[in-house]
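Residue numbering restarts at 1 for every chain, and letters A, B, ... go by the order of the sequence lines. Given the structure is predicted, the values throughout are model-derived calculations rather than measurements.
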Amino acid sequence: MTTLYARFAAHIDAALDALEAEGILAAGVDRRNVTVEPPRDASHGDLATNAAMVLAKPAGMNPRVLADALTAKLGALDEVSSVDVAGPGFINMRLSEDAWRSEVRMIADAADNYGRSTMGAGKTVNVEYVSANPTGPMHMGHCRGAVVGDALASLLQYAGNKVIREYYVNDAGGQVDVLARSVHLRYREALGEDIGEIPEGLYPGAYLVPVGHKLATHHGDKFVTAPESDWLVLFRETAVADMMDMIRADLALLGIHHDVFSSEAVVQREKKPEAAEAFLRERGLVYDGELEAPKGEVDPDWEPVTLPLFRSTQFGDDQDRPIRKSNGSWTYFGADMAYHFQKAQNADALIDIWGADHAGTVKRIKAAVEALTGGTKPFDVKLVQMVRLLRGGEPVKMSKRAGNFVTLADVVREVGKDVVRFTMLTRKADAQMDFDFAKVVEASKDNPVFYVQYAHARICSLKRKVAEAGIDAGTPDLSLLDATDLQLAQLAAQFPRIVESAAVAREPHRIAFYLYDLAAAFHAYWNAGNDDPERRIFLVNSAQTTSARLFLASAIGQVIANGLSIMGVAAAQEM
RNA sequence: GCGCCCGUAGCUCAGUUGGAUAGAGCACGAGCCUUCUAAGCUUGGGGCCGCAGGUUCGAAUCCUGCCGGGCGCGCCA
């Protein structure tokens, strides 16, 4: 038993096969653009397909002729009550009520698995997200990418992919040396020294105090006056490890757990960049050359230097990119390139979630992945736009310098994990968004989190009431569901295709918008009972109808719960 | 100067990958609670989908050029 939309896609495919066998349709015409969807206007029918229009031209046929031939086949199906051709060649189908009833039953049978797809065919997708520098706690700047990446990973799993959730720890650059020096100050402080103001350029945050204490406890004062070379590595590794513990704890507050943490330092220690460079040099994709002077503001200190450059212009970049600095060490890009090569070894496809401020480097890394994998590993970079933090419409002031940035932990503590996660998914990732502390906790339909939760809570409440009344809802007679009831089923039946299209587009926000629509339809259904008592779900005088409608309502609740689970949001039992 | 993203109702945003008469919420107007959660529902007005061309049966969606906004353009990370 397959879901309704999947089944009709198969029906249409079979009908086209039959037409090919009968010689009506030329064989081998590409069917990829054929779709089955609900028509925009419900008066057109329950399902529509564009098959005739899409296939007519490549098959050298008149769309109406093809549509008529298809119509004859589709009209013969038991589930179809009527078919007609409209406009330029749309085929509109109206389904029997039993088709929708059986979909309701299917939701109940599949339960937590309703909407799961095999589309991903078990292919492994590596999703790299967060990857915040290990120099302090998570702040709100990291939040959206974290939620979008995590929800996308869940979505892909739901759509049939194996998923690796990965975090790239940038523990090899200059910023972790700065971290180590900042910790050295805190270490001296822990030993009783008055360190005064934290100098410009070091991390001022108090979160480094415990790291200093720990080092003081373990090592006493032997590094106080020692040269930096004696303690830098130890302090750096200790600090990074502690920062990563903090970050993991922060992510756990959002329900986020990565499978793999990859260290940039380890990538370098294992000579991965050297291997990548050698591979690319062999193919003439790395060469020694000079960079052009930067455009825009003229830097008086600019001097041309010969560096090993990756030929990213060959893949559409504006400029070839250096993989090593003049001192011989790896650039961020040089190491990152090797890191992506490493990820590609264990996955069929790669996805990175980046902040929009890194948009400028997308081309070079895509170029590198293409060069290193010969284009065999699809690789997407999803950019996540900035979030503006507001409180009652006023921007929240933040200063990184002063160390008073808004931490993720604070926000989760204030408004809750579910609100943060849902809200972050109520916009396309590449659109800027506002996050207003006042609005996201508002209990109104202005706030989609509550609106969707409320629908689920109402359904749960209903189940409790019916159970308390001692009605046996075990074997409902679904023939008691009428056309009005079944409209809800039609919307619920779309869930599997929403999951698939969201997974293909890599846009988890579509789940949020769909759930909002479904919740709206349920609230309307519920309220119909306020105007007309006969339309209530719980009818005291009819256990039969009550159990049928409760079965339907439970199915809606199931779909809401499944959607929320993809988003990582709890389905409220009561509110 | 160059690159990326964006431009849809007064405001905040969707728009099923090119489909039929472009949709929600907020705000504004008019209604709906003795009984399943009114934290809700019903209903009205409101649009040159930034502009101009192009591609085709068909464009908010794809291409080109403008206009306007955001982000980014170092051997940083």
Side-chain angles (χ1 to χ4, degrees), chain A residues 33 35 37-41 44 48 50 53-54 56-57 63 86-90 92 133 135 170 172-176 264 291 293-297 299 301-302 305 307 317-319 321-327 329-336 355-363 383 385-386 426-428 430-434 439 442-448 450-451 453-455 457-462 464-466 469 494 497-498 501-502 504-505 507 509-510 512-514 516-517 520 522-531 533 536-540 546 549-550 553 574-575:
Chain A
N33 292 325
T35 58
E37 23 186 62
R40 187 165 291 177
D41 187 338
H44 289 137
N50 61 357
M53 288 181 295
V54 173
K57 198 172 183 183
F90 281 103
N92 292 323
N133 285 340
T135 54
N170 298 135
Q175 85 283 359
V176 283
E264 181 183 0
L291 280 179
K295 301 287 192 294
E297 282 174 50
D299 181 355
D301 298 334
W302 173 261
V305 188
L307 294 167
D317 202 358
D318 332 298
Q319 202 179 359
R321 305 291 175 178
I323 59 171
R324 286 181 194 261
K325 308 179 197 175
S326 50
N327 67 6
S329 67
W330 296 101
T331 61
Y332 182 82
F333 172 63
D336 201 28
D357 50 344
H358 290 88
T361 62
V362 170
K363 274 189 180 170
L383 295 177
Q385 281 288 347
M386 303 289 162
T426 54
R427 287 290 109 94
K428 271 187 301 215
D430 52 16
Q432 284 141 304
M433 91 184 289
D434 290 347
K439 277 205 174 138
E442 202 172 283
S444 77
K445 64 178 180 175
D446 191 18
N447 181 356
F450 277 82
Y451 192 75
Q453 297 267 33
Y454 186 39
R458 273 181 156 174
I459 293 164
C460 292
S461 152
L462 207 47
R464 287 190 296 266
K465 296 263 180 195
V466 171
Q494 288 190 43
R497 58 184 289 275
I498 298 288
S501 66
V504 169
E507 291 185 345
H509 77 277
R510 293 190 189 194
F513 280 93
Y514 167 76
Y516 187 86
D517 286 345
F522 181 77
H523 287 309
Y525 179 74
W526 174 285
N527 262 82
N530 287 343
D531 298 332
R536 281 168 189 263
I537 297 163
F538 184 6
L539 296 168
V540 234
T546 298
R549 288 186 182 166
L550 184 66
E574 57 186 330
M575 295 174 72

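The base of B/C75 lies outside donor-acceptor range of the side chain of A/T331, with no N or O pair under 3.5 Å.
In this entry the base of B/U17 is syn relative to its sugar, with a glycosidic angle within 90° of 0. Annotated as anti: B/C32, whose glycosidic dihedral deviates from 0 by more than 90°.
In this structure, A/H358 reaches the bases: a heavy-atom distance under 4.0 Å links it to at least one base atom across the strands shown. Residue-level contact check: A/P533 touches the bases, meaning some heavy atom is under 4.0 Å from a base atom. Backbone-only contact: A/T35 has heavy atoms under 4.0 Å from sugar-phosphate atoms and none from a base.
Under the rule for a salt bridge (Lys or Arg N to Asp or Glu O under 4.0 Å), A/R536 has no partner lying at least two apart in sequence or in another chain. Scanning for salt bridge (Lys or Arg N to Asp or Glu O under 4.0 Å) contacts around A/R427 gives an empty result, with sequence neighbours left out. Considering only residues two or more places apart in sequence or on other chains, A/N33 meets the side-chain hydrogen bond (donor to acceptor under 3.5 Å, both in side chains) condition with none of them. Not counting sequence neighbours, the partners of A/I498 by the side chain to side chain contact (heavy atoms under 4.5 Å, CB included) test are A/Q494, A/I511, A/Y514. In this structure, A/D41 has no salt bridge (Lys or Arg N to Asp or Glu O under 4.0 Å) partners at least two apart in sequence or on a different chain. In this structure A/N92 satisfies the side-chain hydrogen bond (donor to acceptor under 3.5 Å, both in side chains) test with no other residue, sequence neighbours excluded. For A/S329, the side-chain hydrogen bond (donor to acceptor under 3.5 Å, both in side chains) criterion is met by A/N327, not counting sequence neighbours. With sequence neighbours excluded, the residues that form a side-chain hydrogen bond (donor to acceptor under 3.5 Å, both in side chains) with A/T35 are A/N50.
Summarising the geometry, the separation between CG on A/D318 and C1' on B/G3 is reported as 5 Å, rounded to the nearest angstrom.
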A correct dot-bracket answer for RNA chain B, with pairs being Watson-Crick or G-U at under 3.5 Å, [ ] for crossing pairs and | for inter-strand pairs, is (((((((..((((.....[...)))).(((((.......))))).....(((((..]....))))))))))))....
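Relative orientation of the A/F513 and A/H509 rings is perpendicular, given thresholds of 30° and 60° on the angle between their planes.
Nearest heavy atoms, A/R549 versus A/L539: NH1-CD1, 3.6 Å. Considering every non-hydrogen atom in both A/W330 and A/I323, the closest pair reads CE3-O, 3.1 Å.
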Would you give a per-nucleotide map of nucleotides 19-24 of chain B, 5' to 3', where B means the base has a protein non-hydrogen atom under 4.0 Å away, S means only the sugar-phosphate does, and - means neither? BB---S
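Here the two rings, on A/Y451 and A/H523, have centers that are under 6.0 Å apart.
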Review item, nucleotides 28-34 of chain B N/O atoms under 3.5 Å of protein N/O:
{"residue": "B/C32", "atom": "O2'", "partner": "A/D531", "partner atom": "OD1", "Å": "3.4"}

Report all interatomic pairs (protein N or O, nucleotide N or O of nucleotides 8-12 of chain B) with separations under 3.5 Å.
{"residue": "B/U12", "atom": "O2'", "partner": "A/R427", "partner atom": "NH1", "Å": "3.2"}

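Between A/I537 and A/R324, the residue anchored nearer the 5' end of RNA chain B, judged by the nucleotide with its closest heavy atom, is A/I537.
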